[in-house]
2 protein chains.
Amino acid sequence: MAKKTYNIGVEATLDVISGKWKPQLLCHLSVRPQRTCDLRQELPEISQKVLTQQLRELMDDGIVQRQVYGDRAPFKVVYTLTTMGRSLGTVLVQMSIWGEHHVDELRESGVSDVRVQNDHAGFEHLLQAN
Amino acid sequence: MAKKTYNIGVEATLDVISGKWKPQLLCHLSVRPQRTCDLRQELPEISQKVLTQQLRELMDDGIVQRQVYGDRAPFKVVYTLTTMGRSLGTVLVQMSIWGEHHVDELRESGVSDVRVQNDHAGFEHLLQAN
DNA sequence: CAGAATCCTTCATGATACTG
DNA sequence: CAGTATCATGAAGGATTCTG
């Protein structure tokens, strides 16, 4: 059984959502449950291996649930957010808003040229539901 | 000038606060401005090099400000949160609370043995001020 | 369709020694 | 006191191939 001690809660949260593709995965899953092939289509650049890896980690953290349909290949595998996963909604929306704001500040003050493509609306499905 | 594009705001925020020591640094700086030697004392395990590195990154992101006192060695260097840094308060507190809750759930359900040493009160200085 | 197995590259962090 | 410079290492992510 995994054993770990964090200094502060932020670190625990970071451990869950940090990962190159996790924010995007969570965003897509917040809209609706998704099959593996759906996710691969929405994130064409992710490799098979890493997709499985990041989903496994989210499962181990109780954020995502995996369901298999079919008794032999080809299988249908669906990933769904758990209640715990949906409870991330507020945090994700707040982080998105702050991030968008921060990026605007940096660009407007000429410090760096950074942008955010999609706004926090992607997560807002999570706000009323839970 | 640095150029970067994020898919969603969460990623921008993660880029700012992800780093092995950044949450703790932000926590200590949220209490009051700190000298380099103060930070080294509160985080005895951080190496000189990494401390400077993480502070530089926070400065580049406009989160922390650096002030030097004295015209020759030994210098006195003080790090302070900027307005932008203090605006992280709400996000950090929410992330901490969610992280504490999540860790409790995992432990209570027997999935893993994880803990959080200090609670989110460490950041609460930031909530009223800004 | 989903995923396991291998091998490889890159980057964050760390240990150590040195300087104004 | 604060910081730079080097070198080392481990983990995350990626490319490719194979299987039920």
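If you're wondering where the values come from, they're calculated on a predicted model, not measured in any experiment. To find a chain, count down the sequence lines: A is the first, B the second, and so on, and within it residues start at 1.
Under the 4.5 Å side-chain heavy-atom criterion for Ile, Leu, Val, Met, Phe, Trp and Tyr, Val114(A) and Ile63(B) are members of distinct hydrophobic clusters.
Nearest heavy atoms, Gly122(A) versus Ser30(A): O-OG, 3.1 Å. Listed here is the closest heavy atom pair of Asn118(B) and Glu100(B): O-OE2, 4.2 Å. Between Leu127(A) and Gly89(A), the shortest heavy-atom distance links the atoms CD2-C, 3.9 Å.
With respect to the salt-bridge test (charged N to carboxylate O, under 4.0 angstrom), the residues Arg35(B) and Asp38(B) do not qualify. In this structure, Lys4(A) does not pair ionically with Asp113(B), as no charged nitrogen and carboxylate oxygen lie closer than 4.0 Å.
Residue contacts for Arg56(A): at a heavy-atom cut-off of 4.0 Å it reaches the sugar-phosphate backbone alone, with no base atom in range.
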What pairs of nitrogen or oxygen atoms, one from the protein and one from nucleotides 10-20 of chain C, lie under 3.5 Å apart?
| from | atom 1 | to | atom 2 | distance (Å) |
| --- | --- | --- | --- | --- |
| dT13(C) | OP1 | Lys20(B) | N | 2.8 |
| dT13(C) | OP2 | Gln54(B) | NE2 | 3.0 |
| dG14(C) | OP1 | Lys20(B) | NZ | 2.4 |
| dG14(C) | OP2 | Trp21(B) | NE1 | 3.0 |
| dG14(C) | N7 | Lys49(B) | NZ | 3.0 |
| dG14(C) | O6 | Lys49(B) | NZ | 2.2 |

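Thr80(B) places no side-chain N or O within donor-acceptor distance of the main-chain N or O of Pro33(B), the cut-off being under 3.5 Å. With hydrogens and angles disregarded, a donor-acceptor distance shorter than 3.5 Å links the side chain of Glu11(A) to the backbone of Asn7(A).
Under the side chain to side chain contact (heavy atoms under 4.5 Å, CB included) test applied with Thr36(B), the options Thr52(B), Val77(B), Leu55(B) reduce to a single match, Val77(B).
Applying a 4.0 Å cut-off to non-hydrogen atoms, the residues of residues 64-71 of chain A that approach DNA chain C are Arg66(A), listed by residue number.
From the 5' end on, the contacts that DNA chain D makes with chain B at under 4.0 Å to a non-hydrogen atom open and close at dC1(D) to dT6(D).
When the shell of 6.0 Å around CD of Gln117(A) is examined, it contains more than 12 heavy atoms from other residues, nucleotides or ligands.
Contact annotation: Arg35(A) side-chain N/O to dC1(C) OP1/OP2 distance is not under 4.0 Å.
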